[in-house]
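Labels below follow one simple rule: chain letters A, B, ... track the order of the sequence lines, proteins then strands, and each chain is numbered from 1. Keep in mind the model is a prediction, meaning the values are calculated, not measured. Only heavy atoms go into these numbers, but all of them, side chains included; no hydrogens, no water, no symmetry mates.
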Protein chains: 2
Amino acid sequence: MSTATHYLADVLKSLAQPTRLKIVDFLRDGERCVCEIFPAIDEEQSNTSRHLNHMQTHGILARRKEGVKIFYAVKHPEVFEIIDLATSIVKNEVEVRSGLIRGAERGKP
Amino acid sequence: MSTATHYLADVLKSLAQPTRLKIVDFLRDGERCVCEIFPAIDEEQSNTSRHLNHMQTHGILARRKEGVKIFYAVKHPEVFEIIDLATSIVKNEVEVRSGLIRGAERGKP
DNA sequence: ATACTGTATGACTATATAGTCATATAATCA
DNA sequence: TGATTATATGACTATATAGTCATACAGTAT
């Protein structure tokens, strides 16, 4: 079992979860503290904290302490590119499945 | 719970798994049949079949039947871009953690 | 019809994951 | 000091996931 492949899977797994996607999306504008994040994504504080910790541990988020508050930010701009690419896959799948376009005609106007 | 976010997470989940990453990587050169795939990635035929089915169901792979053989191919080129971006995140993390470079100096020579 | 090859699946086990509730900890303030 | 605010975590439950083994099924050939 290649360890590199496992690390790669871990990074992708850090993004492949609805609650974490909501967090990352909320962080598009930059650093936010936990107290801003969990109300914005409408999740429990404890659950939000766990996901933030998960992503920080896996190298996706940076953590900064300022007094009582902890600020998190997305560390790698590639994260947003990945999500945007995955979004375009989803959009195309939805179009193809709804019969709007044929599978072979991706991207053509 | 936004369904769109769930679809997005599902697509990313389809890639966020070592065995599936091995499969996708093997499919970089194009379409392959199951009988070529599972020996190449060194996994059981049944397990390989399940992962192939998973990815096809989630819109990542295309399936083509030719006699007894089933050929699979990656449907969206974005898949490879996503994996390459995630790989660059992993590489940077490894570098930063090994102390080779500072976190703030990403990408600079 | 029988045998053979390639692929899928039922049934199961082990492990991982997401989420909740209650509580602990840390920093700040009155 | 005690109260308050912000964040993390222990303990638990429910569900999802990956993998295995044996078997079923489909297509082809004899």
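Residues A:Lys65 and A:Asn47 both approach DNA chain C. Their nearest nucleotides, taken by heavy-atom distance, put A:Asn47 toward the 5′ side. Positionally, the nearest nucleotide of DNA chain D for A:Arg50 lies more toward the 5' end than for the other of A:Arg50 and A:Lys13. Judged by closest nucleotide on DNA chain D, A:Phe38 is the one of A:Phe38 and B:Gly67 placed further toward the 5' end.
When the P atom of C:dT7 is taken as reference, atom NE2 of B:His51 falls 17 Å away, rounded to whole Å. The CD atom of A:Glu66 sits 19 Å away from the P atom of D:dT5 (whole-angstrom rounding). In this entry the distance linking CZ of B:Arg64 with C1' of D:dG27 reads 15 Å, nearest Å. We find that CD of B:Glu44 is positioned 17 Å from P of C:dT9, with the value rounded to whole Å. Summarising the geometry, the separation between CG on A:Leu61 and P on D:dA8 is reported as 11 Å, rounded to the nearest angstrom. The separation between B:His54 atom NE2 and D:dG19 atom C1' is 14 Å, rounded to whole Å. One can place CD of B:Gln45 at 11 Å from C1' of C:dT5, the figure rounded to the nearest angstrom. The distance from atom CG of A:Asp10 to atom C1' of D:dT17 is 14 Å, rounded to the nearest whole Å.
Taking 4.5 Å as the limit, some side-chain heavy atom of A:Met55 sits within range of a side-chain heavy atom of A:Val24.
In summary, of the residues considered (B:Val11, B:Leu15, B:Thr87), a side chain to side chain contact (heavy atoms under 4.5 Å, CB included) with B:Ile82 occurs for B:Leu15 alone.
In this structure, B:Asp42 CG and B:Ile37 CD1 are separated by 14.0 Å, a value rounded to the nearest 0.5 Å.
OP1 and OP2 of D:dA6 both lie 4.0 Å or more from every side-chain N or O belonging to A:Tyr72. For B:Ser49 and C:dT9, the shortest distance from a side-chain N or O to OP1 or OP2 is not below 4.0 Å. Side-chain nitrogen and oxygen atoms of A:Gln17 include at least one within less than 4.0 Å of the OP1 or OP2 phosphate oxygen of C:dG19. A sub-4.0 Å separation between OP1 or OP2 of D:dA18 and a side-chain N or O of B:Arg20 is present.
B:Phe71 and B:Val79 fall into different hydrophobic clusters, where Ile, Leu, Val, Met, Phe, Trp and Tyr are joined by side-chain heavy atoms under 4.5 Å apart, directly or via other members.
The residue B:Thr48 sits apart from the nucleic acid: no heavy atom pair falls under 4.0 Å.
Across D:dT28, D:dT7, D:dA8, the shortest atom-to-atom separation from the side chain of A:Lys69 is found for D:dT7. In this structure, the nucleotide among D:dC21, D:dA6, C:dT20 sitting nearest to the side chain of B:Ser46 is D:dC21.
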Kindly determine whether B:Lys22 and B:Asp25 satisfy salt bridge (Lys or Arg N to Asp or Glu O under 4.0 Å), including the steps that lead there.
-> CA-CA 5 Å; B:Lys22 284 193 286 179; B:Asp25 198 59; over 6 Å; no
